Amino acid sequence: ACSSKYVLSQMHPMWQGPLAVPGGDRQSPIDITVRKSVFDSELKPLVTNYDPNTCQQIWNNGYSFLVEYDDTTDKSTLKGGPLKDSFRLCQFHFHWGECNAWGSEHTVDRRLYPAELHLVHWNSDKYSLFEEAVMEDNGLAVIGVFLKVGKRHEGLQKLVDALPAIRHKGSVVEFNRFDPACLLPINTDDYWTYHGSLTTPPLTESVSWIIMKQHIEVSHDQLAVFRSLLFTSAEEEAQKSMVNNFRVQQALCGRTVRSSFT
Ligand SMILES: COc1cccc(CN2CCc3cc(OS(N)(=O)=O)c(OC)cc3C2)c1
Ligand SMILES: [Zn+2]
């Protein structure tokens, strides 16, 4: 996939057939082979400053559900880690499976998790809009957090309770005062990082990925509510459950995954 000019991505209803991505030598997601990752002592701890009041709405975009933040000011930011600049939170979303055996996009030594959280940020030191940053090499930073099934996640419940109102593609509801920091693991100092792409259109190769080593736990019932969402809009005949909304893994193409821990 690295040599060919185009990378065919997963066939998906949303994309109606293979979607070619020009270049395609730093695509995401990937498998992280732990023993091949390289410890980099220059990697700093992550610094997140999220303002819960910048939370605006939650909506079903027909592929996942997104919790969107007001990114017109520098109120919810990500700094440090592998990043040189300050990045602004614009949204977070999840990917999950039809069952607990799979659902994550990234894997660690081929281990699949039932779901994966992505917090999407853009470089507000260099660009003035997400739309600009999404096209640039150092434009985006996405934090990935693996979810495991276990005890109920109290902070997640507020979000789970809002999902029935956005069952169908295109539905939006107001959603305020949600602090995404509650979804981060206790330890955010240990992570892997590599240069990759968005895993949904526009699939641009503009992402510094920061994958947390420590997972968070959510309950089986909370994950079941994710699976009650639909890919389809209220008007469509056949309702399709929103499950397996993850992209197939992509070739590493010689990239090195760095770790912030030994
Ligand atoms: C606001 O300007 C935009 C320009 C192009 C696309 C979009 C919408 N897109 C941004 C990137 C993104 C990235 C997403 O996933 S991911 N795994 O971070 O690549 C995603 O998953 C549901 C949704 C979106 C929404 C916004
Ligand atoms: Zn994602």
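Computed from heavy atoms alone, side chains included, the values below leave out hydrogens, waters and symmetry copies. These numbers come from a predicted model, not from an experiment. First listed ligand is number 1; within each ligand, the first listed atom is number 1.
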**Request:** Could you label the plane-to-plane angle of the Y50 and H121 rings as parallel, tilted or perpendicular, counting under 30° as parallel and over 60° as perpendicular?
**Result:**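 Rings of Y50 and H121: parallel, under 30°.
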Those atoms of ligand 1 less than 4.0 Å from some heavy atom in [X]:
X: H118; result: 17 (N)
X: V120; result: 18 (O)
X: E105; result: 17 (N)
X: H95; result: 17 (N)

**Prompt:** Which protein atoms of type N, O or S are found under 2.8 Å from the Zn ion (ligand 2)?
**Reply:**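 Less than 2.8 Å away from the Zn ion (ligand 2) sit H93 NE2, H95 NE2, H118 ND1.
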Any N/O pair [X]/ligand 1 closer than 3.5 Å:
X: S64; value: no
X: E131; value: yes
X: Q91; value: no

Donor-acceptor side-chain pairing of [X] and [Y] below 3.5 angstrom:
X: H195; Y: E205; answer: no
X: Y194; Y: H106; answer: yes
X: D70; Y: T72; answer: yes
X: Q56; Y: E174; answer: no

**Of the listed options T200, D71, V134, closest to atom 20 (C) of ligand 1 (non-hydrogen atoms)** = T200
Considering non-hydrogen atoms of the protein only, which is the closest contact for [atom], and what is the distance?
atom: atom 7 (C) of ligand 1; result: F130 CE2, 4.2 Å
atom: atom 6 (C) of ligand 1; result: P202 CD, 4.0 Å
atom: atom 19 (O) of ligand 1; result: T199 N, 2.8 Å

**Request:** Using protein heavy atoms only, decide if any is under 4.0 Å from atom 9 (N) of ligand 1.
**Result:**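 Answer no: nothing from the protein, no heavy atom, is under 4.0 Å.
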**Residue pair C55 / R177: nearest heavy atoms and the distance that separates them** =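 Heavy atoms only, the tightest pair is CB-N, 3.9 Å.
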**Asked** Between K126 and D137, is the closest basic N to carboxylate O distance under 4.0 Å?
**Response**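 Between K126 and D137 there is no salt bridge, as every charged N stays at least 4.0 Å from the carboxylate O atoms.
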**Item:** Presence of salt bridge, D51 and K75, under 4.0 angstrom
**Value:**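 Answer for the salt bridge query: no.
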**Request:** Using the salt bridge (Lys or Arg N to Asp or Glu O under 4.0 Å) rule, pick out the option among R255, R110, K36 that qualifies with D31.
**Result:** R110
**Asked** Should I166 and L229 count as side-chain neighbours, where that means a heavy-atom distance under 4.5 Å?
**Response** yes
**Request:** Taking the side chain as every heavy atom from C-beta outward, state whether K44 and K79 have any atom pair closer than 4.5 Å.
**Result:**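 Heavy-atom side-chain distance check fails, nothing below 4.5 Å.
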**Request:** Can you measure from CZ (R88) to OG (S124) and round to the nearest 0.5 angstrom?
**Result:** 4.5 Å
